[in-house]
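Here the structure is laid out as structure tokens; the discussion comes afterwards.
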Amino acid sequence: MAPQPVFLSDDVVARLLRYDDLIPQLEAVLGKFSLRDSAAVVQPVRSVLPVVDHSGFLGLMPAYVAYEGILSVKVVAFYRREEGSSLPSTQATVLLFDPEFGNVAAVMDGLDITHKRTAAVSAISAKLLRPAQSDVLCILGSGHQALSHYEVFMQLFSFKEVRVWSRRMEMAKQFAASVQGSVTVCSSVKETVDGADVIVTVTSSSEPVLFGEWVKPGAHVAAVGACRPNWRELDDVLMRDAVIYVDSREAAAVESGDIILSGAKVFAEIGEVLNGTSPALREKTTVFKSLGMGIQDAICAKLVFDKWKSNQ
């Protein structure tokens with residue numbers, strides 16, 4: 001009889017999941033994915049079920065990372081909340097299976113996994129695509145993803161200035177007060193991104209908030225929000241003028257409103273850059289459109305589970 005699965009709460013996951021461990025493994029799995037070798041990595045595009053009565057969606061993200069022996073699925077519920085709502089916009093749970101026997105080995109809260117792996121992949125894109133001289137980081141948004149992106153970007157890079165903007169000024173001020181470094185709170189997106197070298201968009205917007213005419217030539221944009229085919233964060237000018245990188249071509253073609261509605265052409269997957277089969281055009285304006293992948297969750301879940309077992 002299979003052993004009972006363990007449950008790992010969000011605080012346990014947060015304690016065990018570290019960027020230093022995570023980033024090299026994410027780079028490896030993104031490269032394997034872009035080789036399209038089904039013997040190494042199997043991952044379909046996320047399946048999404050609308051929850052119409054509550055303005056929400058339920059997403060299923062299975063993945064089999066065969067070369068690491070990881071079989072998992074993340075179940076994620078995400079909602080369009082009214083401004084000021086106290087209800088969470090995202091909830092997630094990751095199931096980690098024994099790939100040989102098929103039983104569930106662990107059930108873990110997926111929020112910290114989602115926040116950290118998303119930020120880590122954005123940071124990987126910045127490692128590859130940011131301008132050689134990158135002094136100014138700006139973050140559009142002030143939620144959990146803004147915080148995780150701030151943490152990993154400050155850990156990996158040396159910026160002279162960090163700026164933040166949020167639709168609600170008080171939320172931007174709370175964000176700035178919650179972090180250790182100095183952050184300038186800006187009153188408009190245009191002011192925030194003026195002259196910025198790296199721009200992170202982590203908003204809940206369904207309409208463009210970042211316009212190409214405001215973006216410094218040669219800047220790098222990590223676009224994280226707008227994960228539905230009719231949602232946008234970036235305008236047509238930026239999508240037309242920038243070189244577009246994605247985590248998955250298949251996902252971008254059906255999930256990214258920024259790509260679908262602008263008609264922008266994908267230049268490369270970030271895994272292709274890691275593999276050396278596509279160039280990192282860091283001298284040009286670049287956009288990395290992040291949608292999130294089940295293989296990223298799988299890598300996180302195995303890291304957390306292995307660390308938890310070693311502590312028992």
If you define the side chain from C-beta out and look only at heavy atoms, does anything of [X] sit under 4.5 Å from [Y]?
X	Y	answer
Tyr150	Val200	no
Val12	Phe7	no
Tyr19	Glu151	yes
Val65	Val29	yes
Leu210	Glu233	no
Ile113	Val13	yes
Gln155	Asp20	yes
Val75	Leu60	yes

Working to the nearest 0.5 Å, report the span between [atom1] of [X] and [atom2] of [Y].
X	Y	atom1	atom2	value
Thr201	Gln145	OG1	CD	10.5 Å
Thr285	Leu129	OG1	CG	11.5 Å
Met154	Leu137	CE	CG	7.0 Å
Ser148	Phe153	OG	CZ	9.5 Å
Gln296	Leu22	CD	CG	9.0 Å
Leu26	Ile270	CG	CD1	12.0 Å

Is the backbone of [Y] close enough, under 3.5 Å, to the side chain of [X] for a donor and an acceptor to pair up by distance?
X	Y	value
Arg46	Leu291	yes
Glu269	Val246	no
Arg163	Thr192	yes
Arg232	Leu234	yes
Lys116	Leu17	yes

Heavy-atom closest contact ([X] atom, [Y] atom, distance):
X	Y	result
Val45	Ala251	CG2-N, 3.9 Å
Ala252	Ile260	O-CG1, 3.9 Å
Ala298	Ile70	O-CG2, 3.5 Å
Ser204	Arg80	O-NH2, 3.0 Å
Met239	Ile259	CE-CG1, 3.7 Å
Val209	Val189	O-CG1, 3.3 Å

**OP:** Go through Thr114 and Lys74 one step at a time and tell me if the side-chain hydrogen bond (donor to acceptor under 3.5 Å, both in side chains) criterion holds.
**Re:** CA-CA 9 Å; Thr114 301; Lys74 183 170 81 175; 2.8 Å; yes
**OP:** List the steps, then state whether side chain to side chain contact (heavy atoms under 4.5 Å, CB included) holds for Phe288 with Asp247.
**Re:** CA-CA 8 Å; Phe288 170 60; Asp247 44 15; 4.1 Å; yes
Original post:
What orientation do Phe305 and Trp308 show, parallel under 30°, tilted 30 to 60°, or perpendicular over 60°?
Top reply: parallel
**OP:** Please test Asp297 against Arg117 for salt bridge (Lys or Arg N to Asp or Glu O under 4.0 Å), starting from the C-alpha separation and ending with a verdict.
**Re:** CA-CA 7 Å; Asp297 302 313; Arg117 59 83 152 148; 2.8 Å; yes
**OP:** Determine, for Lys307 against Asp21, whether the closest basic-nitrogen to carboxylate-oxygen distance falls under 4.0 angstrom.
**Re:** yes
Residue list, ring pair (Phe, Tyr, Trp, His ring centres under 6.0 Å) with [X], at least two apart or on another chain:
X	answer
Tyr67	none
Tyr64	none
Tyr245	Phe267
His115	His144

Can you hop from [X] to [Y] via hydrophobic side chains spaced under 4.5 Å?
X	Y	value
Ile124	Leu281	yes
Leu303	Met293	yes
Val243	Val287	no
Met169	Val164	yes

Subject >> salt bridge (Lys or Arg N to Asp or Glu O under 4.0 Å) assessment of Glu250 paired with Arg36 >> reply: CA-CA 11 Å; Glu250 292 88 350; Arg36 295 303 188 275; 2.8 Å; yes
Residue list, side-chain hydrogen bond (donor to acceptor under 3.5 Å, both in side chains) with [X], at least two apart or on another chain:
X	result
Ser205	Arg167
Ser290	none
Gln312	none

Subject >> Among Leu238, Asp236, Asp235, the one residue meeting side chain to side chain contact (heavy atoms under 4.5 Å, CB included) with Phe211 >> reply: Asp235
Subject >> Qualifying residues under side-chain contact (heavy atoms from CB on, under 4.5 Å), relative to Leu156, sequence neighbours excluded >> reply: Ile23, Ala123, Lys127, Val152
Subject >> Non-neighbouring partners of Thr277 that pass side-chain contact (heavy atoms from CB on, under 4.5 Å), sequence neighbours left out >> reply: Glu272, Asn275
Validation: residues 92-110 side-chain donor-acceptor distances under 3.5 Å, sequence neighbours left out:
{"unit_1": "Asp98", "atom_1": "OD1", "unit_2": "Glu100", "atom_2": "N", "d": "2.8"}
{"unit_1": "Asp98", "atom_1": "OD1", "unit_2": "Phe101", "atom_2": "N", "d": "3.2"}
{"unit_1": "Asp109", "atom_1": "OD1", "unit_2": "Leu111", "atom_2": "N", "d": "2.9"}

Original post:
Is there a donor-acceptor contact under 3.5 Å linking the side chains of Ser72 and Lys302?
Top reply: no
Original post:
Do the side-chain N and O atoms of Asp258 and Ser256 include a donor-acceptor pair separated by under 3.5 angstrom?
Top reply: no
Name each donor-acceptor pair under 3.5 Å that joins a side chain in residues 213-231 to protein atoms two or more places apart or in another chain, with its distance.
{"unit_1": "Lys216", "atom_1": "NZ", "unit_2": "Asp197", "atom_2": "OD1", "d": "2.6"}
{"unit_1": "His220", "atom_1": "ND1", "unit_2": "Thr286", "atom_2": "OG1", "d": "2.8"}
{"unit_1": "His220", "atom_1": "NE2", "unit_2": "Ser125", "atom_2": "OG", "d": "2.9"}

Side-chain donor-acceptor pairs under 3.5 Å in residues 176-188, sequence neighbours left out?
{"unit_1": "Ser178", "atom_1": "OG", "unit_2": "Phe175", "atom_2": "O", "d": "2.7"}
{"unit_1": "Ser187", "atom_1": "OG", "unit_2": "Glu191", "atom_2": "OE1", "d": "3.0"}
{"unit_1": "Ser188", "atom_1": "OG", "unit_2": "Glu191", "atom_2": "N", "d": "3.0"}

